[in-house]
Amino acid sequence: MYLLPFKEMTFFKVRYLLISFILFFVAILVFVISGLANGLSMNNASAIINMPVHSIYLQKSAEGRIDRSHFTLDLEKLTAKSETQPIGIQMGAISKGNSEEKLDITFMAVKPGSFLKPDRKSLETNGGNSVLLDRSLSETIKKGMIVKDARSGISLKVVGFLDDQTFSHTPVALISLDTWEELAGGSNKSEYNGIAINKVDLGLEKSITSLYKDGEWVKKDQVVKGIPGYSAEQNSLYMMLSFLIVIAMFVLAAFFYIMTIQKTAQFGILKAIGAKSSQLVKSTIFQVIMLSIVSIAAAVAFTKGFMSILPDDIPFIFDFVQMAKFSGLLFIVSIFGSLLSVFNIVKADPIQAMGRVE
């Protein structure tokens, strides 16, 4: 009786392979969409996600959107404490030397050597109008090249590249506060988008609030959600994932329900020779567990291999933790889907089965 689920699966190979393939392909869809959701999330907001900040002070009227917030700041007073740092963010474009071809970027201004700077050396040691670019631009722009701001025409020397620094699906061009003011046309014309702190400090928050009115402190995850298009993208993709998981549950439930209807006579005969309903239910659920583990594991392996052949311009991130969560969710859904067939197993009548001619 203990070998019954294995014997049945080996005897009806095609039937169980079809069910495995269905779960396999549904799991692939879930994992691929999950990877794309992670990739788009990082491509849209990695500069803020990777920024070591606790919260950012933004204008109330900006409604949590850092690109809409603008402050005129006293830099000497503000940067006197290393825990508070200004942030400047502005969409723009650059061109290579005298080339007319423009590349969309997002200028991000930080103080060299502060906790906001991903690389604490390049801008600090080179000084002047230097710039650090996201590595996605390294194929078209090389280190040491001179690029020009398309709006002001000011030249910037590329002194290095940074990993995972994008904002609103554009590469970040990291510059110093001095360069930011020069691009704006002078210190009296420059504005900053927010003030960042790197730790929880209520006293520091109150002092900033009293110094600059009409603002509010916004946690980093809320700033990320406020980036244009971020929430819409993520909500759409996760809505698709939710529907896929629900569809998987109904499809698997339908398949196992039909299979148990087809095996009603066999269940009745097994009961007639002494098998208990609980044993038959356990046997069926064990089959589901085996099929789910094999199919989901194969889907994870396929998704990992699929990631390696994707072009670089398609953002895709294989997150083991998230894949494990979705794998567990698909496994639970598979078990719940198979429980519908338990009713047919329990109601199988040994007397009817013994009198049935096949």
Side-chain angles (χ1 to χ4, degrees), residues 36-59 62-71 85-95 102-112 114-119 122-123 130-141 147 149-152 156 158-177 179-180 183-184 190-198 218-235 237 312-317:
L36 289 173
N38 289 333
L40 286 170
S41 170
M42 290 299 292
N43 189 262
N44 199 355
S46 61
I48 304 297
I49 292 173
N50 296 328
M51 190 178 288
V53 302
H54 173 263
S55 53
I56 302 176
Y57 190 67
L58 304 177
Q59 276 186 319
E63 298 179 343
R65 285 187 54 170
I66 192 170
D67 58 314
R68 290 180 177 174
S69 176
H70 300 283
F71 289 103
Q85 292 296 326
I87 301 176
I89 294 177
Q90 180 181 327
M91 306 292 286
I94 56 174
S95 59
K102 295 180 181 179
L103 301 171
D104 292 326
I105 51 91
T106 297
F107 284 112
M108 183 172 289
V110 297
K111 181 182 177 181
S114 70
F115 65 84
L116 288 176
K117 193 168 180 297
D119 185 335
S122 298
L123 287 177
S130 57
V131 61
L132 287 165
L133 300 176
D134 179 69
R135 198 168 298 280
S136 61
L137 294 174
S138 61
E139 293 184 3
T140 55
I141 298 176
V147 297
D149 172 37
R151 185 173 59 86
S152 64
L156 306 167
V158 179
V159 295
F161 295 94
L162 300 169
D163 295 317
D164 299 323
Q165 291 294 313
T166 54
F167 182 89
S168 195
H169 296 301
T170 59
V172 161
L174 196 72
I175 57 177
S176 67
L177 300 181
T179 302
W180 173 266
L183 291 176
S190 60
E191 292 182 334
Y192 295 86
N193 298 82
I195 304 168
I197 59 174
N198 61 350
V218 182
K219 297 290 179 61
K220 183 170 79 169
D221 58 343
Q222 294 301 316
V223 176
V224 170
K225 291 178 181 178
I227 294 175
Y230 182 88
S231 295
E233 283 179 355
Q234 295 301 302
N235 291 340
L237 290 169
D312 293 336
D313 57 350
I314 297 179
F316 188 95
I317 295 178

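No donor-acceptor pair closer than 3.5 Å links the side chain of K220 to the backbone N or O of P52. Distance alone, capped at 3.5 Å, is enough to place a donor-acceptor pair between the S231 side chain and the K225 backbone. No donor-acceptor pair under 3.5 Å is formed between the side chain of S69 and the backbone N or O of G194. Counting only distance, with no hydrogens or angles, the side chain of W180 and the backbone of Y192 share no donor-acceptor pair below 3.5 Å. Side chain of D134 to backbone of Q165: a donor-acceptor contact under 3.5 angstrom is found. Looking only at distances, a side-chain donor or acceptor of N50 sits under 3.5 Å from a matching main-chain atom of S46.
You'll find the side chain of V147 stays beyond 4.5 Å of the side chain of S95, heavy atoms only. Side chains of I56 and I195 form no contact here, defined as non-hydrogen atoms less than 4.5 Å apart. Within the 4.5 Å cutoff, the side chain of V159 has heavy atoms near those of the L132 side chain. Looking at heavy atoms from C-beta onward, L103 lies in side-chain contact with T140 at the 4.5 angstrom threshold. With a 4.5 Å cut-off on side-chain heavy atoms, I49 and S41 count as touching.
Side chains of H169 and N43: a donor-acceptor N/O pair is present below 3.5 angstrom, by distance only.
To the nearest 0.5 angstrom, R135 atom CZ is 4.5 Å from D163 atom CG. Put simply, CD1 on I314 and CG on L36 are 7.5 Å apart, with the number rounded to the nearest 0.5 Å. The CD atom of Q59 sits 11.5 Å away from the CZ atom of R68 when rounded to the nearest 0.5 Å. To the nearest 0.5 Å, atoms CD (Q85) and CG (L177) are separated by 7.5 Å. Once rounded to the nearest 0.5 Å, the distance linking OG of S168 with CE of M91 reads 4.5 Å. Once rounded to the nearest 0.5 Å, the distance linking CG of D164 with CE of M42 reads 5.0 Å.
In this view, R151 satisfies the salt bridge (charged side-chain N to carboxylate O under 4.0 Å, His left out) rule with no residue, not counting sequence neighbours. Applying the salt bridge (charged side-chain N to carboxylate O under 4.0 Å, His left out) rule to D149 yields no partners; only residues at least two apart in sequence or on another chain are considered.
I105 pairs in a side-chain contact (heavy atoms from CB on, under 4.5 Å) with only one of the listed residues (V131, L137, V172), which is L137. Residue F107 forms a side-chain contact (heavy atoms from CB on, under 4.5 Å) with just one option from I89, L156, T179, and that option is L156.
R65 has a carboxylate O that lies under 4.0 Å from a charged side-chain N of D67, or vice versa, which qualifies the two as a salt bridge.
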